[in-house]
J.: 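Shown below is the structure under consideration.
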Amino acid sequence: MIKIALLIAGWLTLLVGGGSAQEVVVSGFPLGVGGSIEPDFLHPYHQALQAIADSLRLHPGARAIITGSADGVEFDEHHDAKNPGLALGRAHLLRNVLVYDFGVDSTQITIESQETYEVGDEYRFASVRLIPETNDLSARVAALENRPPVEKHFTEVREVPASFIESFGLQAGAGLSTTPFGAVPIVAGAITWKRVLYVEGMFGHTMWDNSYRFMNVELDTWRRLAAGLAVYRPVDNLPVGVVGGWIRIEEISQRYYDYVSMSEGPLLGLRATPFEFASVTALYNPSKHRVAESNFSESKNGQFLISILVHYCLGGGK
């Protein structure tokens, strides 16, 4: 009797519903959310989902195709959300609502996902489409009667945070810095933590001579620089960080290999990273200056330094 009733219901579906498909589209998923959302998010769609569930229970030969979609939003640098996983997670979310909240048989549901490079709420969606099928209805009814028990499960997509070791990274770079004595080529290396905190060493040395006279003696001088910096980027999406540290800059006599002029003091400023591979650092340096013939340093409180670096960062993901 059950088989006859199901066959009659299937033929009624064909006569009444024709080949049309009933569809509900849940759009506007929040960014980066796959398999779990706030319960109120689906509340406006309950009536339409209930109609889908009633149709599936009434017509066991019908099936529902659930499609999850993710848009083309690119997330924070080097921490892109897995858009295919988000799309699949949204489809599973809608599948679980139909199965657990509305009592739909899970064997009537097919899951699929899609991606797009377009950006917008309308592309972050999950849809359920009802397909009334009556082809080979007898075989489908037999398959439903003889199917094994279905293990219920819930799939949730979450962003997995980086481990403690994976949070560390290395950055190396080269560039040019101003000094009180002129420009100096520099190299820099840093240990990074989640690309939020950078502990950096900076070194510089000129490859050319300057003329310097001391007690009627011509001294060829080179410039050298050494600095230790800490850079903190408090806002993920803002490529600007706060810089603090210490620097020592010297003009070195090639005759005596000792400084003839020296500047040393703290640093405080900002670093902007407009591109992934380049940064500009502006620093205030209230330094102490000293020359070789003097045992005393002179304060220089109005000194500003600017450095430009081209760099490459390895690891340190969130």
J.: With sequence neighbours excluded, what pairs up with Asp220 under the salt bridge (Lys or Arg N to Asp or Glu O under 4.0 Å) test?
T.: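 Once residues adjacent in sequence are excluded, Asp220 has no partner under the salt bridge (Lys or Arg N to Asp or Glu O under 4.0 Å) criterion.
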J.: So, taking the atom named CD1 in Ile52 and the one named CZ in Phe102, what distance separates them when rounded to the nearest 0.5 Å?
T.: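 It is 10.5 Å, given to the nearest 0.5 Å.
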J.: Got a second to check how far Arg195's CZ is from Thr273's OG1, nearest 0.5 Å?
T.: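 Result: 11.0 Å between the selected atoms.
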J.: Between Pro266 and Asn285, which heavy-atom pair has the shortest distance, and what is it?
T.: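 Pro266 and Asn285 have their closest heavy atoms at O-ND2, 2.8 Å.
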J.: Between Arg90 and Ser27 (side chain of the first, backbone of the second, donor and acceptor by atom type, cut-off under 3.5 Å), is there such a pair?
T.: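 Between the backbone of Ser27 and the side chain of Arg90 there is no qualifying donor-acceptor contact (under 3.5 Å).
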J.: Is there a donor-acceptor contact under 3.5 Å linking the side chains of Thr67 and Glu112?
T.: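 Judged by distance alone, the side chains do pair up.
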J.: Thr179 side chain to Phe181 main-chain N or O, any donor-acceptor pair under 3.5 Å?
T.: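 Present.
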J.: How about Ile111 and Leu88: do any of their side-chain heavy atoms sit closer than 4.5 Å?
T.: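 Ile111 vs Leu88: side chains touch.
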J.: Can you sort out the partners of Lys300 under salt bridge (Lys or Arg N to Asp or Glu O under 4.0 Å), two or more places apart, ordered by chain and number?
T.: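 Testing Lys300 for salt bridge (Lys or Arg N to Asp or Glu O under 4.0 Å), a comparison that skips the adjacent residues, returns Glu298.
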J.: Side-chain contact, heavy-atom cut-off 4.5 Å: Tyr259 with Arg290?
T.: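 A side-chain contact exists here, since the closest heavy-atom pair is under 4.5 Å.
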J.: Run the side-chain contact (heavy atoms from CB on, under 4.5 Å) test against Asp101 and tell me which residues pass, sequence neighbours left out.
T.: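 So Asp101 forms a side-chain contact (heavy atoms from CB on, under 4.5 Å) with Val97.
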J.: Tell me the closest heavy-atom pair linking Ala183 and Thr206, and the distance in Å.
T.: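 Looks like O-CG2, 3.8 Å.
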J.: Using the side-chain contact (heavy atoms from CB on, under 4.5 Å) rule, pick out the option among Asp105, Leu130, Thr110, Ile109 that qualifies with Arg63.
T.: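 Option passing the side-chain contact (heavy atoms from CB on, under 4.5 Å) with Arg63: Thr110.
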J.: So do Ile65 and Val128 actually touch side chain to side chain, heavy atoms under 4.5 Å?
T.: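 No, their side chains stay 4.5 Å or more apart.
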J.: Could you measure the distance from the OG atom of Ser299 to the NZ atom of Lys288? Nearest 0.5 Å is fine.
T.: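 Spacing of OG (Ser299) from NZ (Lys288) equals 3.0 Å.
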J.: With sequence neighbours excluded, what pairs up with Glu264 under the salt bridge (Lys or Arg N to Asp or Glu O under 4.0 Å) test?
T.: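 Scan of Glu264 (salt bridge (Lys or Arg N to Asp or Glu O under 4.0 Å), adjacent residues dropped) gives Arg248.
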J.: Return yes if some donor-acceptor pair links the side-chain N/O of Asp71 with the main-chain N/O of Gly120 below 3.5 Å, else return no.
T.: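 Yes, the answer is positive, given that a donor and an acceptor are paired below the 3.5 Å cut-off.
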J.: Honestly curious: do Val104 and Tyr100 fall in one hydrophobic cluster under the side-chain, below-4.5 Å linking rule?
T.: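 Yes, one cluster joins them.
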J.: First locate atom CD1 of Ile191, then atom CZ of Phe168, and finally report the distance between them rounded to the nearest 0.5 Å.
T.: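 Going from the CD1 atom of Ile191 to the CZ atom of Phe168 covers 8.0 Å.
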J.: What is the minimum heavy-atom distance between Gly175 and Leu309, and which atoms define it?
T.: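 Taking every non-hydrogen atom into account, N-CD2, 3.8 Å.
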J.: Please find the pair of heavy atoms, one from Pro239 and one from Arg233, that lie closest to each other, and give the distance.
T.: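 Looking at all heavy atoms of both residues, the closest pair is CA-NH2, 3.7 Å.
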J.: Under a single-linkage definition using a 4.5 Å side-chain heavy-atom cutoff for Ile, Leu, Val, Met, Phe, Trp and Tyr, are Leu93 and Leu49 assigned to the same hydrophobic cluster?
T.: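 In one cluster with Leu93: Leu49, yes.
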J.: Suppose clustering is done on Ile, Leu, Val, Met, Phe, Trp and Tyr with side-chain heavy atoms closer than 4.5 Å. Which residues sit in the same group as Phe304?
T.: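 Besides Phe304, the hydrophobic cluster comprises Tyr284, listed by chain and residue number.
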J.: Is there a side-chain contact between Leu170 and Thr192 (heavy atoms, below 4.5 Å)?
T.: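 No, every pair of side-chain atoms sits at 4.5 Å or beyond.
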J.: Using side-chain contact (heavy atoms from CB on, under 4.5 Å) as the criterion, list what pairs up with Tyr312, not counting sequence neighbours.
T.: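 Testing Tyr312 for side-chain contact (heavy atoms from CB on, under 4.5 Å), a comparison that skips the adjacent residues, returns Leu314.
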J.: Could you walk me through whether Arg124 and Ser69 satisfy the side-chain contact (heavy atoms from CB on, under 4.5 Å) test, starting with their C-alpha distance in whole Å, then the side-chain angles of each, then the deciding distance to 0.1 Å, before giving a yes or no?
T.: CA-CA 5 Å; Arg124 298 192 301 273; Ser69 175; over 6 Å; no
J.: Do Val99 and Ile66 share a hydrophobic cluster (ILVMFWY, side-chain heavy atoms under 4.5 Å, transitive)?
T.: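 Linked, Val99 and Ile66 end up in one cluster.
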J.: Anything under 30° is parallel, anything over 60° is perpendicular, the rest tilted; go ahead and classify Phe41 against Tyr45.
T.: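 Aromatic pair Phe41/Tyr45 classed tilted.
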J.: Which heavy-atom pair separates Ser55 from Gln22 by the least distance, and what is that distance?
T.: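 Where Ser55 meets Gln22 most closely, the heavy atoms are OG-OE1, 3.6 Å.
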J.: Could you go step by step and tell me if Leu94 and Val26 meet the side-chain contact (heavy atoms from CB on, under 4.5 Å) rule?
T.: CA-CA 9 Å; Leu94 200 52; Val26 180; 4.3 Å; yes
J.: Going by the rule side-chain contact (heavy atoms from CB on, under 4.5 Å), which residues pair with Val199 if we only count those two or more places apart in sequence or in a different chain?
T.: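 For Val199 there are no side-chain contact (heavy atoms from CB on, under 4.5 Å) partners, ignoring immediate neighbours.
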J.: Sub-3.5 Å donor-acceptor pair from the side chain of Gln171 to the main-chain atoms of His311, do we have one?
T.: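 Not confirmed, Gln171 side chain does not pair with His311 backbone.
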J.: Can you list everything that forms a side-chain hydrogen bond (donor to acceptor under 3.5 Å, both in side chains) with His289? Sequence neighbours excluded, please.
T.: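 If we apply the side-chain hydrogen bond (donor to acceptor under 3.5 Å, both in side chains) test to His289, skipping adjacent residues, the hits are Ser263, Ser287, Gln303.
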J.: With a 4.5 Å cut-off on side-chain heavy-atom distances among I, L, V, M, F, W and Y, is there a chain of contacts connecting Ile249 to Leu229?
T.: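 Yes; Leu229 is reachable from Ile249 via cluster members.
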J.: Which other residues belong to the hydrophobic cluster containing Phe203, where Ile, Leu, Val, Met, Phe, Trp and Tyr are joined when side-chain heavy atoms lie under 4.5 Å apart, directly or via other members?
T.: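 Grouped by the 4.5 Å side-chain rule, Val187 form the rest of the cluster around Phe203.
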J.: Hey, what else clusters with Leu268 if you join Ile, Leu, Val, Met, Phe, Trp, Tyr whenever side-chain heavy atoms sit under 4.5 Å?
T.: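 Leu268 clusters with nothing; isolated.
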J.: List in chain and number order the residues that pass side-chain contact (heavy atoms from CB on, under 4.5 Å) with Val231, two or more places apart in sequence or in another chain; answer none if no residue qualifies.
T.: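 side-chain contact (heavy atoms from CB on, under 4.5 Å) check on Val231 returns Tyr198, Val243, Arg271.
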J.: Heavy atoms, side chains only, cut-off 4.5 Å: are His205 and Pro185 in contact?
T.: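 His205 does not reach Pro185 side chain to side chain.
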J.: Ile165 and Trp193: same hydrophobic cluster, using ILVMFWY side-chain contacts below 4.5 Å?
T.: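 Yes: a chain of side-chain contacts under 4.5 Å links Ile165 to Trp193.
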J.: Are Thr281 and Leu283 side-chain neighbours, meaning at least one heavy-atom pair lies under 4.5 Å?
T.: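 A side-chain contact under 4.5 Å exists here.
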J.: Judged by atom type as modelled, is there a donor-acceptor pair below 3.5 Å linking the side chain of Ser113 to the main-chain atoms of Ala87?
T.: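 Such a contact is absent between Ser113 side chain and Ala87 backbone.
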J.: How does the hydrophobic cluster around Met207 look, that is, which other residues are in it when side-chain heavy atoms under 4.5 Å mark a link?
T.: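 Trp208, which link up through side-chain heavy atoms under 4.5 Å apart, make up the rest of the cluster.
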J.: Do Gln108 side-chain atoms and Ala62 backbone N/O form a donor-acceptor pair below 3.5 Å?
T.: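 Judged by distance alone, yes, a pair lies under 3.5 Å.
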J.: As an exercise, state the distance from OG of Ser177 to CG of Leu305, rounded to the nearest 0.5 Å.
T.: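 So the gap between those two atoms works out to 5.5 Å.
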J.: Please determine whether side-chain contact (heavy atoms from CB on, under 4.5 Å) holds for the pair Leu225 and Ile247, giving the CA-CA distance in whole Å, both sets of side-chain angles, and the decisive distance to 0.1 Å.
T.: CA-CA 7 Å; Leu225 171 156; Ile247 191 169; 3.9 Å; yes
J.: For Ser253 and Thr221, which heavy atoms make the closest approach, and how far apart are they?
T.: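 So the two residues come closest at CA-CG2, 4.1 Å.
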J.: Test side-chain contact (heavy atoms from CB on, under 4.5 Å) on Gln114 and Phe125 and set out the steps.
T.: CA-CA 10 Å; Gln114 69 180 44; Phe125 70 83; 3.6 Å; yes
